[in-house]
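I have placed the structure first, in the form of structure tokens, so that the comments after it can refer back to it.
The model shown is predicted, which means the values in this text are computed figures rather than measured ones. As a basis for the values below, the full set of heavy atoms in this structure was taken, side chains included, without hydrogen atoms, waters or symmetry mates.
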Amino acid sequence: MVLIYSPAYIVNQIDERTFQASLSGTDWIVKCYLSHELFRENIRPLVGDLVILEYNSGLRRIKRRVHYIIEVI
């Protein structure tokens with residue numbers, strides 16, 4: 001299991017913990033979730049913010065990877 005990190009820009013906020021982000025350098029929009037740590041610290045990204053997403057590369061066989069926002073830059 002390898003964790004992969006990708007920079008992305010927030011394009012839409014769906015609810016308190018769910019966002020849509022555009023992966024940096026691509027046209028791909030992914031659904032992502034605020035990490036538990038950021039949620040507890042009351043850190044929320046805004047539309048347009050650059051964030052770092054983390055996902056587990058061991059989930060390649062699953063169509064949808066679960067992306068977590070782990071840092072707001």
Notebook entry, point to check: Which heavy-atom pair separates Ser24 from Tyr9 by the least distance, and what is that distance?
Noted result: OG-CE1, 4.2 Å
Notebook entry, point to check: If you round to the nearest 0.5 Å, how far is CD1 of Ile14 from CD of Gln20?
Noted result: 4.0 Å
Item checked: Approximate separation, where rounding is to 0.5 Å, of Ile29 CD1 and Ser22 OG -> 4.0 Å
Item checked: Common cluster, Phe19/Tyr33, ILVMFWY with side-chain heavy-atom separation under 4.5 Å -> no
Note to self: Are Phe39 and Val51 connected into the same hydrophobic cluster when the rule is that any two of I, L, V, M, F, W, Y join if their side-chain heavy atoms are below 4.5 Å apart?
What the structure shows: yes
Next item on the list: Could you tell me which residues satisfy side-chain hydrogen bond (donor to acceptor under 3.5 Å, both in side chains) with Glu37, sequence neighbours excluded, listed by chain and number?
Entry: none
Note to self: Is there a path of hydrophobic side-chain contacts, each under 4.5 Å between heavy atoms of I/L/V/M/F/W/Y residues, joining Leu50 to Tyr5?
What the structure shows: yes
Notebook entry, point to check: What distance separates Ser35 OG from Arg40 CZ, expressed to the nearest 0.5 Å?
Noted result: 8.0 Å
Notebook entry, point to check: What pairs with Leu23 under side-chain contact (heavy atoms from CB on, under 4.5 Å), at least two apart in sequence or on another chain?
Noted result: Ser6, Ala8, Thr26, Trp28, Val30, Leu53
Notebook entry, point to check: How many angstroms lie between atom CG of Asp49 and atom CD1 of Ile69, to the nearest 0.5 angstrom?
Noted result: 9.5 Å
Checklist line | Residue pair Asp15 / Arg17: nearest heavy atoms and the distance that separates them | finding: OD1-N, 2.9 Å
Notebook entry, point to check: Which heavy atom of Glu16 sits nearest a heavy atom of Leu34, and at what distance?
Noted result: O-CD2, 4.4 Å
Next item on the list: Taking all non-hydrogen atoms of both residues into account, name the closest pair between Leu38 and Glu71 and its distance.
Entry: CD1-N, 3.9 Å
Check: Roughly how far, to the nearest 0.5 Å, is NE2 of His67 from CD1 of Ile52?
Finding: 12.5 Å
